[in-house]
2 protein chains.
Amino acid sequence: MTNETTLPDATLRPASPHPLSPRQMGMMRHLSDQQWARLAPAMTERVTALPDTVLSTRGKKLEYSLLLLDGLVARSVPRADHDRSTFVALQFPGDFVDLHAFPLKKLDHDIVALTPSELAVIRHDKLTELLNDDVELARVLWSLTLVDAAIHRHWVMRNSAMRAFGRVANFLSEFDARMTVALGEERDRYPLAITQADIADATGVTKVHVSRTLRDLREDQCCAIRNGTLEIICRDRLRKRGEFDDSYLYFPEPFKTV
Amino acid sequence: MTNETTLPDATLRPASPHPLSPRQMGMMRHLSDQQWARLAPAMTERVTALPDTVLSTRGKKLEYSLLLLDGLVARSVPRADHDRSTFVALQFPGDFVDLHAFPLKKLDHDIVALTPSELAVIRHDKLTELLNDDVELARVLWSLTLVDAAIHRHWVMRNSAMRAFGRVANFLSEFDARMTVALGEERDRYPLAITQADIADATGVTKVHVSRTLRDLREDQCCAIRNGTLEIICRDRLRKRGEFDDSYLYFPEPFKTV
DNA sequence: CGTATGCTTGAATCACGTCAACTGATGTGG
DNA sequence: CCACATCAGTTGACGTGATTCAAGCATACG
C-alpha cells in the first residue's frame, strides 16, 4: 500500500536553484513579511515525494519538520488487523506538516504523501535558535499547530455526528475552502489527485459507499468528480448539504471569516 | 440542556484561603518544579461550576484560560437542527481546558462542565509576561496543547474507524488511563459522574445503543457501570476489546510509555 | 497482450438508529 | 406525606443506512 520508504537522508537535497519565495501561500499568510523573511532562509533543503511515500513514521524521533510546498499529504494511523489505515488529517500547500513534532519530538501517526509532493525542510535545532530570539514568531507557529487542532476537532464532529452524505459533502467543502487558501483564489475546478479510497479513509465511510455518495452529490447538482477533477457545481448547495461553516479554519487575510 | 450561564466575572473569586499546591496533578507533571513554581502564583482566581455550566462560548473573545483542578469538562460543538451537541474532547483534572484560546484568542467550540468542577484562572496578559521571560515554559505549554491535538486525532480514528462496541471500550480505556494520571494512581473503581448520554455525545453512538453496549461490556467481564461507579473488571480485556494503546497520551513520568 | 488499479453497480446482510413503553431514583410543591 | 413530574437507564420491535461480497468495466502500464 505504501512504498515503505521512510525518508532517507539522501532524499533531502539542497534548495538551489529555487529558493523559497512565495510566502503568499496558504496558511503561511499568518506570518508577517518580516517573520517569513526570518523563517524562509532557514529552510535550505527540499524533499520530493511520490504518491504513497511515507515521509515520517509514527514513534520515530524527528529532527526536522516539513513545510508542504506542493501536493497533498495525509496524517495516517495504521491499524492492526485492518487492511487500510485511517486518515486523521490532510495537509495542503502552505501547511506545516509535522510541526507538532518540534515540541513533541515524536509523532503518534505516519505522514504519507498522497500525490507527488514537494516539501521544504527545517531542522529543529535551527528552529530552536530562531524561536528563542523571536517570541512573536514562536507564538505564530504555536497558533498554526492550534489551527490543526481545531481542524482535528472538526473532523471528530464530522465523522462522529454526521452521516455519509453530509460527511462527504462537508469533507469536499473543506477541501474546496483550503484549496482556495492554498491557491490564493477561488476556483470551480480543482485537480483532485486523491482517490475515492482516500476519501473513504478520511471520512470513515467504505469506498464502495463513497462511490455511491459521490453519485448522489452529482445528481444533486452539488459537485462532480470526473477524470481526476473536482468540479464545484453549486458551492452554496454543497456547503448546505454538508452543514459547512469555515470559521474553524481560522483563515488568514484576505480569506478571513472569523 | 445547559444552564446557558456563560461565566460572568462575578463567578471568578480569589483563590484564598487555598493556594495552588499539588503540582503532582495529572498532565501538570510535564512541568518541572521550577516551572510550576512560576506558573502557580499567577493563578490567583478560582471558578466553581455546576454540571452543564457553560464555561466559555464558541467565538467569544477570551482573556483568560482555565486549569481544571477537579471535575470533568467537555469541549462541545453545538449543531444546528440537532437536539444534542457533539463532544470533541474531554478534560481531566490537571488539564488546561482552553489554553488553545491563548494564541488563538477565540475558540471554535463551547466549554461545558459535566460534573461539579473547580478551576483555576490564568489571565492572558499575565501569561504573556510569564512566557516572554521563559522560553522553556512556553515550550512546555505548547507541548500540552499538542497533546490535546494528539488526543483529538485519536478521537477521529476511534469515531471514524471503530464500531460501537470497540468505540465505547476504547473510550472507557482512555477514561481509565487519564483518570489514573489525574489521580496519581491506578484504581479499579472510579466515581463516574457522567451519564450515558455524555458517553453517547463523545462516541457518536446513540444513548440507547450505549446502554446496550455497556451491557455487552459487563457480560463480557470488561467493566461495569453501576450507581455512578465505573468498575474495571479486567483492564487487559477492556483494552484489547478497544484496541487501546496509550502512547498517544504522551504521559508524563512516572506513567510514561512513549 | 495480461495484469493491476480505480470505479461502478447489484444483492444480501447486519449494525445501528428510531420509536416507544416501562422502570426506578430523585425532587418538588400542595 | 402523597401526587406528580423529571431524568437516567433499560428493553423490545422495527426500519434503514451502511457494510460486505461479488461481478463487471475502463484505463493505465510493463
Side-chain angles (χ1 to χ4, degrees), chain A residues 1-3 50-52 72 79 81-84 86 114-116 158-169 171-172 191-220 223-231 241, chain B residues 1-3 50-52 72 79 81-84 86 114-116 158-169 171-172 191-220 223-231 241:
Chain A
M1 173 152 315
T2 50
N3 277 342
L50 291 176
D52 294 328
L72 280 177
R79 293 185 64 212
D81 301 327
H82 295 263
D83 42 347
R84 303 272 315 174
T86 304
L114 297 184
T115 71
R158 175 168 71 212
N159 292 359
S160 332
M162 303 180 73
R163 348 181 126 219
F165 185 78
R167 240 188 254 189
V168 174
F171 174 82
L172 292 174
L192 184 85
I194 63 177
T195 66
Q196 292 189 5
D198 292 329
I199 299 177
D201 291 338
T203 57
V205 172
T206 56
K207 66 183 182 194
V208 174
H209 203 62
V210 166
S211 172
R212 292 190 237 268
T213 305
L214 290 177
R215 168 173 48 72
D216 295 343
L217 282 168
R218 208 181 311 126
E219 286 173 357
D220 196 30
C223 65
I225 299 181
R226 277 185 287 253
N227 331 321
T229 301
L230 167 66
E231 180 193 355
R241 296 285 189 275
Chain B
M1 171 152 315
T2 49
N3 276 343
L50 291 175
D52 295 330
L72 281 177
R79 292 185 67 213
D81 303 328
H82 295 262
D83 42 346
R84 305 270 317 175
T86 304
L114 297 184
T115 71
R158 175 168 70 213
N159 292 359
S160 337
M162 303 181 74
R163 313 165 168 284
F165 185 78
R167 243 188 253 189
V168 174
F171 174 83
L172 292 174
L192 183 85
I194 63 177
T195 66
Q196 292 190 6
D198 291 329
I199 299 177
D201 291 339
T203 56
V205 173
T206 57
K207 65 182 183 195
V208 173
H209 204 63
V210 166
S211 173
R212 294 190 237 266
T213 305
L214 290 176
R215 168 174 47 74
D216 295 343
L217 283 168
R218 210 181 309 126
E219 288 173 357
D220 197 29
C223 65
I225 298 182
R226 277 185 285 253
N227 332 324
T229 301
L230 167 66
E231 180 193 355
R241 296 285 188 272

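A quick note: this is a predicted structure, and the numbers were derived from the prediction, not measured. Chain letters run A, B, ... following the sequence lines, proteins first, then strands; residues in each count from 1.
The CZ atom of A/R226 sits 15 Å away from the C1' atom of C/dT8 (whole-angstrom rounding). If you take NZ of B/K207 and P of C/dC16, they are 19 Å apart, rounded to a whole angstrom. Between B/H82 atom NE2 and C/dT18 atom P the separation is 10 Å, expressed in whole Å. C/dT26 atom C1' lies 14 Å from atom CG of B/N227, rounded to whole Å. The CG atom of B/D83 sits 14 Å away from the P atom of D/dC7 (whole-angstrom rounding). In this structure, A/H209 places its NE2 atom 14 Å from P of C/dT8, rounding to the nearest Å. Here D/dA8 presents its P atom at 15 Å from CG of B/L214, a figure rounded to the nearest Å. Residue A/D216 contributes atom CG, which lies 11 Å from atom P of C/dT8 at whole-angstrom precision.
Distances from the side chain of B/T195 to the nucleotides D/dC21, D/dG9, D/dA18 place D/dG9 closest. Residue A/R163 places its side chain closer to D/dG17 than to any other of C/dC16, D/dC21, D/dG17. For A/R215, taking side-chain heavy atoms from C-beta onward, the closest of the listed nucleotides C/dT9, C/dT8, C/dG17 is C/dT9.
A donor-acceptor contact under 3.5 Å links the side chain of B/R212 to the base of C/dT18.
At least one side-chain nitrogen or oxygen of B/S211 sits closer than 4.0 Å to the OP1 or OP2 atom of D/dT10. For the OP1/OP2 pair of D/dC7 and a distance below 4.0 Å, the side-chain nitrogens and oxygens of B/Q196 include no atom meeting the criterion.
No side-chain heavy atom of A/P51 sits less than 4.5 Å from a side-chain heavy atom of A/L114. The side-chain heavy atoms of B/V210 and B/V205, taken from C-beta on, include a pair separated by under 4.5 Å. Here the side chains of A/I225 and A/L217 are not in contact, with every heavy-atom distance at 4.5 Å or above. At least one side-chain heavy atom of B/D198 sits under 4.5 Å from a side-chain heavy atom of B/R84.
Checking A/I225 against B/M162, the closest nucleotide of DNA chain C that is more toward the 5' end is the one next to A/I225.
Note on B/V205: only backbone sugar-phosphate atoms sit closer than 4.0 angstrom, heavy atoms only; bases stay farther off. Using a 4.0 Å heavy-atom criterion, one finds that B/G228 contacts no nucleic acid atom at all.
With hydrogens and angles ignored, the 3.5 Å screen pairs no side-chain donor or acceptor of A/T229 with any backbone N or O of A/P191.
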